[in-house]
Amino acid sequence: MIEPAYDTPELDVPARATGVVVVDLQQIRANWRSLSERVAPAECAAVVKADAYGLGAAHVIPALSAEGCRTFFVATSEEAADARRLAPGAIIYVLDGLLDAAWLASIDARPVLADIGEVLAWSRYCLNKGWRLPAALQLESGLNRRGMDEAAIARLIATPDVLGALELGLVMSHLACADDPDHPMNRAQRERFEASRARLPAAAASLAASDGLMLGRDYHFDLVRPGYAIYGGQAFRGGRAPVEPVMQAYARVLQVRDVPQGEPVGYAATWSSPGGRRIATIAAGYADGVFRHASGSGGKPGGMVAIGGRLCPIVGRVSMDLVTADVTDVPAAADMAWAELIGPHLTLEEVGAHAGSIGYEVLTRLGRRFHRIYMAGD
Ligand SMILES: *Cc1c(COP(=O)(O)O)cnc(C)c1O
């Protein structure tokens, strides 16, 4: 084992590991607990789609279950099957809706139904089996993705037998602009949601995700559905969510070299040394989720890594397996040092902004090559 260098957490990282992602399950639990307390008496569910935003559903779902989370949202039917295995007693909603009724029923997952065809299919399946199976209804309120609009709701109301064949577990909708507390769409969507749900049979209601729950009580209804905030994300622009970071990512410095004035670095020679620079080659690239857009090339500033707590600009093109960073004034940069990609000096939001993206995409694109360490804290 090579001693972790400088400010890298003291962890048991195998000598062969080129990169490491550290996930703090205790903090994930604490974040969910804190959001729960914020929204009580509304229920706090957890969105664990996309492998718990790339952090590992196999670890995250049991941790949240142990903390008391009873309702999970996933995107796909396959994710629902995994979630069912990991949380045998939980309620599991499938956001992508109904592709295969028999499959969802076999794993006791609930589809989020978002058009008449889906409602009819689930309703028919229930009638055939003689079971009144639960589902959620997704109502359109302004996002114009998946959702039942007024005309579809009117058709449902006109055919009460269809809705009557299933159990309406939840009516929900999704906010488009909740990160901005001053955006007029927030209120407009809430009012449209309230009006639509009032036309339907009584059921629990849900409108808010991570940012929506920060908009206040009026947005909590019976259940909130945060994802990103549970994973330490701070996307809300109106204040800090009551959560802390849960993950860090590091990659090894493989080599440090002196690059004299005029010498290029990286593919397509898009960056040349302005004179006497020290350049570190680091073992993570776009295959690991370092965005190629974070290249510091052709006069455009790129992303950063941090070594010994000091920020170092990425210079030259990000390649598949490697990035190069200017470490001229960073004595801690030495062969086998750890370069922080995401962590105390580089938040998810900062890394997202450097890449012309958002922290959500940074998280969900973390590659499979990182050695992963899960801290349970107990
Ligand atoms: C992804 C998603 C969420 C969770 O959103 P966050 O911003 O990560 O909290 C909630 N509801 C729906 C419908 C989603 O697609």
Side-chain angles (χ1 to χ4, degrees), residues 28 31-32 34-36 38-39 42-55 57 60-61 64 69 71-77 79-80 83 91-98 109-115 118 135-148 169-181 183 185-186 189-190 193 197 204-215 219-243 245-247 348-349 352 357-366:
I28 288 177
N31 287 349
W32 179 83
S34 164
L35 295 169
S36 262
R38 161 82 56 132
V39 302
E43 179 185 348
C44 189
V47 180
V48 292
K49 62 195 179 188
D51 199 26
Y53 289 44
L55 292 180
V60 169
I61 292 176
L64 289 173
C69 182
T71 304
F72 293 92
F73 287 81
V74 295
T76 71
S77 301
E79 290 173 355
I91 291 173
I92 296 167
Y93 284 106
V94 183
L95 292 166
D96 281 0
L98 188 65
R110 304 180 173 195
V112 175
L113 307 170
D115 65 42
E118 286 187 324
L137 266 193
Q138 168 110 313
L139 307 182
E140 174 49 43
S141 64
L143 196 57
N144 282 300
R145 278 187 337 191
R146 273 168 50 74
M148 317 254 315
L170 190 69
V171 289
M172 56 179 274
S173 193
H174 196 39
L175 296 167
C177 306
D179 60 323
D180 177 1
H183 203 292
M185 269 195 74
N186 295 328
Q189 283 195 265
R190 191 190 77 213
F193 177 60
R197 84 178 265 247
S206 174
L207 180 62
S210 296
D211 294 338
L213 73 84
M214 294 294 291
L215 293 171
Y219 290 83
H220 295 168
F221 293 91
D222 301 299
L223 177 143
V224 299
R225 323 180 298 270
Y228 192 54
I230 294 174
Y231 311 112
Q234 295 282 353
F236 187 63
R237 286 188 269 155
R240 255 188 91 75
V243 297
V246 306
M247 64 82 59
L348 280 174
E349 282 65 41
S357 181
I358 53 174
Y360 287 73
E361 194 180 1
V362 172
L363 262 189
T364 53
R365 299 220 320 191
L366 280 174

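Computed from heavy atoms alone, side chains included, the values below leave out hydrogens, waters and symmetry copies. Counting starts at 1 for both ligands and their atoms, following the listed order.
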Hey, which of L55, V48, V243, L64 is the one that makes side chain to side chain contact (heavy atoms under 4.5 Å, CB included) with I230? L64

Distance-only donor-acceptor check, side chains H174 and R225, under 3.5 Å: yes

Verify the distance criterion only: is there a donor paired with an acceptor across the side chains of T71 and E43 at less than 3.5 Å? yes

Short N-O contact, R237 and E349, less than 4.0 angstrom: no

Distance from [atom] to nearest protein heavy atom, with residue and atom:
atom	answer
atom 9 (O) of ligand 1	S210 OG, 2.5 Å
atom 7 (O) of ligand 1	Y360 OH, 2.5 Å
atom 14 (C) of ligand 1	K49 NZ, 3.0 Å
atom 12 (C) of ligand 1	H174 CE1, 3.4 Å

So is Y53 in contact with ligand 1, going by heavy-atom distances below 4.0 Å? yes

Would you say M172 and ligand 1 have an N/O pair spaced under 3.5 Å apart? no

Side chain or backbone of L95 under 4.0 Å from ligand 1, or both, or neither, by non-hydrogen atoms? side chain

Run the numbers for me: atoms of ligand 1, each under 4.0 Å from some heavy atom of Y228, listed by number. 6 (P), 8 (O), 9 (O)

Pull out every atom of ligand 1 sitting under 4.0 Å from any heavy atom of P226, numbered as shown with elements. 9 (O)

Describe, in one word, how the ring planes of Y228 and Y360 are oriented to each other, choosing from parallel (under 30°), tilted (30 to 60°) and perpendicular (over 60°). parallel

Parallel under 30°, tilted from 30 to 60°, perpendicular over 60°: which one fits the rings of F221 and F193? perpendicular

Start with the C-alpha distance between L207 and R190, add both sets of side-chain angles, then the distance that settles side chain to side chain contact (heavy atoms under 4.5 Å, CB included), and finish with yes or no. CA-CA 8 Å; L207 180 62; R190 191 190 77 213; 3.9 Å; yes

